[in-house]
Undergrad: 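Pasting a structure below so you can have a look.
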Amino acid sequence: MAETTTQTPGLPGADRASQILHQARTVMDDLHLGPVQRWKAAHPGGLAIGYMPIYVPRPLFEAIGCLPVTIFGGGDQVDIIRGDSYFQSYICHIPRSTIELGLNGHLNCLDGMVFPSLCDVIRNLGGMWKMLFPDRWSSYLDLPQNFALHLGGKFYAQELKRIARELHERGAKAYDPEALREAIRHENRRRLAINVLDNLRRTEPWRLPTSDMYVLLRAGGLMPALEHAQMLEEFADAVRARPARPFDNVRVVLVGAFCEQPPLDLIRTLEKSGCDIVDDDLQLGLRYIESAIDDTTSDPLEALANSFIQYGAATASRYIGTAEKGAALLEKVQATKADGVVFAAASFCDPALLDQPMLEAALERNGVPFTAFKFSENTGQFQVIREQAGAFSDSVKLWGTVQ
Amino acid sequence: MSTALPVRNRPPVSLRPATAKDSSQDRQKQMIADHYEKLAHAKENGQKVVYTFVPGNLTELLQALDLLPVLPEINALQSGMRQKSAGYIAEAEKAGHSEDVCTYVKCDIGMLKSGNFGPTGTKLPEPDLLLLSYTGCFTFLKWFELLREEYKCPVVMLHVPYQPDGVISPEMREYVVNQLRDEVIPALERLSGKKLDMDKLKYHLDLSRQAEDDLVKVWESAKHKPSPIDGYFGGVYYIGPIFTSFRGSQDAVDYYRELRGECEARILRNEGPQTPDGLMGEQRYRLVVEGPPNWTSFPDFWRMFAKEGAVVVASTYTRVGGLYDTGFRHDSSQPLETMANYCLGCYTNLGLPTRVDLLERYIREYEADGFLINSVKSCNSFSAGQLLMLRQLEQRTGVPGGFIESDLVDPRYFSKANIENRLQSYFQMIDARRLRVSA
């Protein structure tokens, strides 16, 4: 990629990689969705459709002239006042901050919301949204748990048609196969760019720490795929020119089936504790389809649906029927030459916490060390986590296992 | 101004002396005992055992193929009532299960690790197959993934789409029917070693309909004043046969016919329902209740209502295994479609706006004085969103809402004093509202 000459305010003289990171961080931190508002201004008639994690078929939205916008709640930036009054103490944090953002107007630029079938809380949040914002379009997206193409695949394709039809009735473009093929090409390009960065992170984690990778990917939740792909491609070139030196860290895979996101400082805390995170499922939505999607077929909508069925990532919210539980994680550990696994589940996250004992058992059977803790998106105290992760990395480094 | 006594000084309502148990209770007890006896000897008799869940259960299909069901939720709640659940949960947590997750799951895992002795004290047979009917609760999916790890047995999955808008689309129904036809039935046929006899299935579906007709009459009897039933505390007994292994059986038909007769007889005698301490006398408060009960302190929980003269006239927990009072009946003329409609229509498979509509209907049709939520920590399917439901219902009906918190089978989350205080405050609120209205 040719380097652009864009200057980043506030970072005069910074290297290009740092400038791109700064841009991405600005996008990520903008809870008023400034980039989305600018996109709408530049695309009159275009609809911005928010969606809750983890996965929605973004190319479908782009193909009908919509910008899919990932809503990750308020993180550690929002004081929850009204949101807390809608949820009991034993419910996770992301629905509280999402309600808070909705009620205080932060999400007003969105023309609709999608609630994918991730867990009972996000599902019910979709019902709450309908009651709280009855004048705005919102939809539940039932992702299939049956992975036969003629059963779950067919049902899912029908779901996608329904979504496209409902949005068209509200001003989106009509579904056009060629537009979807193009959107799939853009998504494939983004996926390739992510793969390039993932490989770089695995080979030189000191050059591309996960905390940087996270910011880059997180920004993509508010950008069209092509724009994001170009940003990642440019960053990949720029970061190789950035001076960097290796650290004597252990290599870990970070697992949390992340819907609710940890604070960025928590990721940095793990890095500072001696852990090079060589793989993670933080921004799983952008990596969920583990293959290129067919962009040549006459029925791209079916291809999009089938990609979910055939190439969807093994994660807590996806039923594992016949495969061995934990096999995908073990493959990841081996592929990344990781020394261990760090489990970080959001407090009260049913999918992640119910899944974890099975994954831990698989790791134990195969002698892979692991450690586990919980967090909330607004966790502000990291000392305990730092000590735990530090002890884990020391232990793995000294003995190759946890003593 | 009214001269009514302040609520705090009102004496508890008097309960009439306990009478003999209703004969339907004895019948149900015998049905359950017989079922567990069959389970105890299933392996030696060569009968195959299928573990499955209450919401979206396919009991008629299992009966048609002579398969024996085991329902882990029922084992868990029975463990709660028998004061075994605390130990089982501790066992599961020691094995690495989080304190944050569903206690039914942990209770079941703990029971398994403690020898798998069921409610009658006999050892439960291991499953030959796990029938994962994924209806209305995401945790079911993880639960059977966990059990598959423990039992190393096959699983067959039925993914039942959610009804976010309270409408079953043709695509949803077709998806479920196709799974039944292409995957579920073939898997059950392989297990049973016999081909599904559609006439036999239709026979059981017909029996289901008969029992469902009578159950609805039982629910609707609570419109009478005084109500002859408690639709929550008593209701959980009434749903026992139809939510578990007996829907589609002649036993269930006989049970519900008898139960209906008992309710009609109580109406003629102007009697209230049985409570743990006798027949309920004066009914001061007619309530609609949302959410499952607590099982570890079930009789105490019930007494908190009964002694205040609070009778539950309708509840949503008693609709999780089938929502019949909105019109659904099993229809033997369309066997697969009717099973699909049943699974799709269970209460927790309905979007929150539809749940609120149903509750509003109950409040109005049953002329309730109040609406109460028992929010349980374990069940996000029920609980997430209940505080908004409470607000919506208060706005729509003007009926005061109450909110208490407990858990299904984890006694650590049942605070008797706290719940009792909240309930008393709630009943005061209803009284105060009445005073304002009558002034």
Side-chain angles (χ1 to χ4, degrees), chain A residues 85-92 95 99 115 117-128 130-132 134 138-140 142 144-146 148 150-152 154-155 158-159 161-162 316-322 324-325 345 347-358 360-361 372 374, chain B residues 92 95-98 100-102 105 109 132 134 136-139 141-146 148-149 154-159 161-162 164-165 169 171-172 174-175 178-179 182-183 348 350-356 375 377-389 391-392 403 405 413:
Chain A
S85 71
Y86 287 92
F87 294 99
Q88 302 89 321
S89 57
Y90 49 79
I91 305 281
C92 58
I99 289 280
F115 298 84
S117 53
L118 168 66
C119 69
D120 295 329
V121 171
I122 296 299
R123 183 195 71 186
N124 286 10
L125 180 63
M128 295 174 71
K130 278 185 191 293
M131 291 193 281
L132 286 168
S138 65
S139 178
Y140 183 68
D142 221 336
Q145 295 289 358
N146 179 299
H150 74 290
L151 296 170
K154 183 180 175 189
F155 172 73
Q158 289 166 336
E159 271 287 275
K161 283 177 191 163
R162 176 186 62 80
S317 55
R318 186 179 172 101
Y319 173 59
I320 303 295
T322 51
E324 189 182 337
K325 281 296 290 189
S347 291
F348 302 108
C349 173
D350 275 345
L353 291 168
L354 286 161
D355 215 39
Q356 199 168 302
M358 293 180 276
E360 289 178 353
K374 291 188 287 186
Chain B
H97 294 265
S98 170
D100 287 359
V101 302
C102 173
V105 178
I109 299 274
L132 170 50
Y134 169 48
C137 171
F138 181 84
T139 296
L141 192 153
K142 307 311 296 178
W143 192 339
F144 271 10
E145 281 186 352
L146 285 159
R148 190 190 68 156
E149 292 288 297
V155 190
V156 61
M157 143 74 99
L158 177 66
H159 175 205
Y162 186 60
D165 303 311
S169 70
E171 291 83 5
M172 292 176 187
E174 181 192 30
Y175 178 38
N178 289 347
Q179 290 177 82
D182 293 356
E183 294 191 342
T348 48
L350 306 178
L352 257 59
T354 311
R355 285 169 57 181
V356 171
S375 181
K377 171 189 170 286
S378 274
C379 187
N380 286 339
S381 179
F382 255 109
S383 301
Q386 282 178 326
L387 285 160
L388 178 58
M389 292 170 72
R391 293 179 198 194
Q392 294 263 326
F403 199 85
E405 292 180 277
Y413 297 97

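Predicted model only: the values in this text are computed from it and were never measured.
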Undergrad: Evaluate the side-chain proximity of B:P164 to A:F115: yes if any heavy-atom separation is below 4.5 Å, no if none is.
TA: no
Undergrad: With a 4.5 Å limit on heavy-atom distance, are the side chains of A:Y319 and B:V155 in contact?
TA: yes
Undergrad: Mark yes or no for whether A:N124, through its side chain, and B:A384, through its backbone, hold a donor-acceptor pair below 3.5 Å.
TA: yes
Undergrad: Applying side-chain contact (heavy atoms from CB on, under 4.5 Å) to B:E145 and A:I320, what does each step give before you reach the verdict?
TA: CA-CA 7 Å; B:E145 281 186 352; A:I320 303 295; 3.7 Å; yes
Undergrad: Under 4.5 Å heavy-atom distance to chain B, tell me which part of A:A148 shows up: side chain, backbone, both or neither.
TA: side chain
Undergrad: Considering all heavy atoms of both residues, which atom of A:Q145 and which atom of B:F138 are nearest to each other, and what is their separation?
TA: NE2-CE1, 4.4 Å
Undergrad: With no hydrogens and no angle check, do the side chains of B:D182 and A:H150 hold a donor and an acceptor under 3.5 Å apart?
TA: yes
Undergrad: What part of A:N146 lies closer than 4.5 angstrom to a heavy atom of chain B: side chain, backbone, both or neither?
TA: both
Undergrad: Between A:E324, A:Q356, A:K374, A:E360, which residue shows the highest count of heavy-atom pairs closer than 4.5 Å to chain B?
TA: A:K374
Undergrad: Is a donor on one side and an acceptor on the other found under 3.5 Å between the side chain of A:Q88 and the backbone of B:S383?
TA: yes
Undergrad: B:C137 versus chain A, heavy atoms under 4.5 Å apart: side chain, backbone, both or neither?
TA: both
Undergrad: Using non-hydrogen atoms only, which part of A:L353 is less than 4.5 Å away from chain B: side chain, backbone, both, or neither?
TA: both
Undergrad: Show the nearest heavy-atom pair for residues A:M131 and B:P353, with the distance to one decimal.
TA: CG-CG, 3.9 Å
Undergrad: Contact part of B:F403 toward chain A, heavy-atom cut-off under 4.5 Å: side chain, backbone, both or neither?
TA: side chain
Undergrad: Between A:R123 (side chain) and B:G136 (backbone), is there a donor-acceptor pair under 3.5 Å?
TA: yes
Undergrad: Using non-hydrogen atoms and a 4.5 Å limit, figure out which bit of B:Q392 sits close to chain A: side chain, backbone, both or neither.
TA: side chain
Undergrad: Between OH of A:Y86 and CG of B:L387, what distance do you get to the nearest 0.5 Å?
TA: 9.5 Å
Undergrad: Which bit of A:P95 comes within less than 4.5 Å of chain B, counting heavy atoms only: side chain, backbone, both or neither?
TA: neither
Undergrad: B:C102: what forms a side-chain contact (heavy atoms from CB on, under 4.5 Å) with it, not counting sequence neighbours?
TA: B:Y104, B:V105, B:T139, B:S378
Undergrad: Given that the side chain runs from C-beta out, which part of A:I99 has a heavy atom under 4.5 Å from chain B: side chain, backbone, both or neither?
TA: neither
Undergrad: Which atoms of B:L132 come close to chain A, meaning under 4.5 Å heavy atom to heavy atom: side chain ones, backbone ones, both, or neither?
TA: side chain
Undergrad: Scan side-chain atoms only and decide if B:N380 and A:D350 contain a donor-acceptor pair under the 3.5 Å cut-off.
TA: yes
Undergrad: Side chain from CB out, backbone as N, CA, C, O: work out which of these in B:Y162 comes under 4.5 Å of a heavy atom of chain A, or both, or neither.
TA: both
Undergrad: Is A:Q158 in contact with chain B via its backbone, its side chain, both, or neither, using a 4.5 Å heavy-atom distance?
TA: side chain
Undergrad: Select one option (side chain, backbone, both, neither) describing which atoms of A:S347 are under 4.5 Å from chain B's heavy atoms.
TA: both
Undergrad: For chain B, which candidate among A:S85, A:A345, A:S117, A:G126 shows the most heavy-atom pairs at distances under 4.5 Å?
TA: A:S85
Undergrad: Which atoms form the tightest heavy-atom contact between A:P357 and B:G96, and what is the distance?
TA: CG-O, 3.8 Å
Undergrad: Picking from B:P161, B:P154, B:G351, which has the most non-hydrogen pairs under 4.5 angstrom with chain A?
TA: B:P161
Undergrad: Look up atom CG in A:L354 and atom NE2 in B:H97, then write down how far apart they are to the nearest 0.5 Å.
TA: 8.5 Å
Undergrad: Pick one of side chain, backbone, both or neither for A:S317, based on which atoms fall under 4.5 Å of a heavy atom in chain B.
TA: both
Undergrad: Any carboxylate oxygen within less than 4.0 angstrom of a Lys/Arg side-chain nitrogen, looking at B:K142 and A:D355?
TA: yes
Undergrad: Is any side-chain heavy atom of B:Y175 closer than 4.5 Å to one of A:P144?
TA: yes
Undergrad: What residue in B:R391, B:M157, B:E405, B:Q386 has the most heavy-atom pairs under 4.5 Å with chain A?
TA: B:R391
Undergrad: Given heavy-atom pairs under 4.5 angstrom as the criterion, report whether the side chain, backbone, both or neither of A:K325 touches chain B.
TA: both
Undergrad: Output the distance between atom OG (A:S89) and atom NZ (B:K377), rounded to the nearest 0.5 Å.
TA: 9.0 Å
Undergrad: Using every non-hydrogen atom in the two residues, find where A:L151 and B:Q179 come nearest and quote the distance to one decimal.
TA: CD2-N, 3.9 Å
Undergrad: Taking 4.0 angstrom as the limit, do A:K154 and B:E171 come out as a salt bridge?
TA: no
Undergrad: Using the ring of each side chain (for Trp, its six-membered ring), is B:H159 parallel, tilted or perpendicular to A:F155, with breaks at 30° and 60°?
TA: perpendicular
